[in-house]
Amino acid sequence: VQLQASGGGSVQAGGSLRLSCAASRRTFSNNGMGWFRQAPGKEREFVAGISWNGASTNYKDSVKGRFLISRDNARNMVYLQMNSLKSEDTAVYYCAAAIGAVAPQNGIYKYWGQGTLVTVSS
């Protein structure tokens with residue numbers, strides 16, 4: 001069971017990036033999925049979560065209105081569209097699969113991807 005995150009890169013402040021997460025098993029169509037990030041010298045933090053069917057989403061306050069999480073269960077994919085990027089968004093971003101059907105900020109996430117680096121320059 002693997003998660004593969006991709007789409008990171010370097011972008012100027014105000015720019016956009018779209019992260020993708022590919023799941024190796026269709027099992028994840030039944031699981032909530034989340035995006036997390038870890039900036040240098042900081043703890044990993046929750047960024048966004050989406051329920052198994054995409055009906056429910058939740059976000060870290062600082063990314064609300066700028067980031068959009070979505071999923072395509074037919075393709076075993078989860079996405080994070082990041083707009084109006086700021087320097088404080090610089091981090092390694094990880095996708096993760098929750099143990100249940102939803103993806104709460106303080107939930108339990110069993111499977112993790114390897115991370116993709118996002119660098120935002122001001």
Side-chain angles (χ1 to χ4, degrees):
V1 176
Q2 293 182 335
L3 298 174
Q4 182 81 24
S6 62
S10 296
V11 64
Q12 289 190 331
S16 298
L17 281 174
R18 187 195 196 204
L19 304 184
S20 298
C21 176
S24 63
R25 288 177 57 176
R26 194 172 182 86
T27 301
F28 291 103
S29 62
N30 297 322
N31 293 78
M33 296 292 294
W35 283 98
F36 293 76
R37 68 187 181 189
Q38 186 167 19
K42 296 186 178 181
E43 293 186 353
R44 186 172 59 195
E45 62 180 4
F46 174 88
V47 175
I50 188 167
S51 62
W52 71 278
N53 61 355
S56 176
T57 59
N58 53 310
Y59 299 90
K60 175 181 174 63
D61 285 346
S62 63
V63 307
K64 286 180 180 177
R66 300 190 297 121
F67 290 12
L68 179 68
I69 188 171
S70 61
R71 66 190 297 163
D72 183 343
N73 286 345
R75 292 186 168 87
N76 295 345
M77 297 291 294
V78 179
Y79 306 99
L80 185 68
Q81 177 67 44
M82 305 186 295
N83 301 321
S84 302
L85 283 162
K86 304 176 180 180
S87 57
E88 51 263 44
D89 295 319
T90 294
V92 177
Y93 284 71
Y94 301 88
C95 60
I99 62 171
V102 294
Q105 180 171 351
N106 297 318
I108 298 174
Y109 291 81
K110 185 175 182 180
Y111 300 105
W112 293 82
Q114 87 290 359
T116 185
L117 176 62
V118 172
T119 303
V120 183
S121 58
S122 57

Does the side chain of R37 reach to within under 4.5 Å of the side chain of L19, using non-hydrogen atoms?
no
Do the non-hydrogen side-chain atoms of L3 and M33 ever get within less than 4.5 Å of each other?
yes
Decide whether Y111 and Y93 are clustered together by the hydrophobic rule: side chain heavy atoms of Ile, Leu, Val, Met, Phe, Trp, Tyr closer than 4.5 Å, transitively.
yes
Do Y109 side-chain atoms and A103 backbone N/O form a donor-acceptor pair below 3.5 Å?
yes
Between the CD atom in Q4 and the CG atom in N76, the distance rounded to the nearest 0.5 Å is 13.5 Å
When rounded to the nearest 0.5 angstrom, what is the spacing between CG in L17 and CG in L80?
9.5 Å
How long is the gap from CD on E43 to CD on Q38, to the nearest 0.5 Å?
8.0 Å
Test item: M77 and S20 side chains (from C-beta on) under 4.5 Å apart, heavy atoms:
yes
Quick test of your reading of the model: are K86 and D89 salt-bridged, counting only N-O distances below 4.0 Å?
no
On a heavy-atom basis, the closest approach of S16 and Q81 is CB-NE2, 3.9 Å
Do the side chains of Y94 and I99 join up, straight or via other hydrophobic residues, at under 4.5 Å, putting them in one cluster?
no
Is it the case that the side chain of Q114 and the backbone of A5 share a donor-acceptor pair, with hydrogens and angles ignored and the cut-off at 3.5 Å?
yes
T57 side-chain N/O to I50 backbone N/O, donor-acceptor pair under 3.5 Å
no
Can any side-chain N or O of R44 pair as donor or acceptor with the backbone N or O of V92 at less than 3.5 Å?
no
Strictly distance-based, threshold 3.5 Å: is any side-chain N or O of N31 a donor or acceptor partner for the main-chain N or O of A98?
yes
Rounded to the nearest 0.5 Å, how far apart are OG of S121 and CG of L85?
10.5 Å
Spatial distance of atom CZ (R71) from atom SG (C95) [nearest 0.5 Å]:
11.0 Å
Can you see which heavy atom on V63 is nearest to which on V47, and at what distance?
CG2-O, 3.7 Å
Separation of N58 CG from I69 CD1 (nearest 0.5 Å):
8.0 Å
Heavy-atom nearest pair, Q12 first then V120, reads C-CG1, 4.0 Å
Would you list the pairs meeting ring pair (Phe, Tyr, Trp, His ring centres under 6.0 Å) in which at least one residue belongs to residues 39-82, sequence neighbours left out?
F36-F46
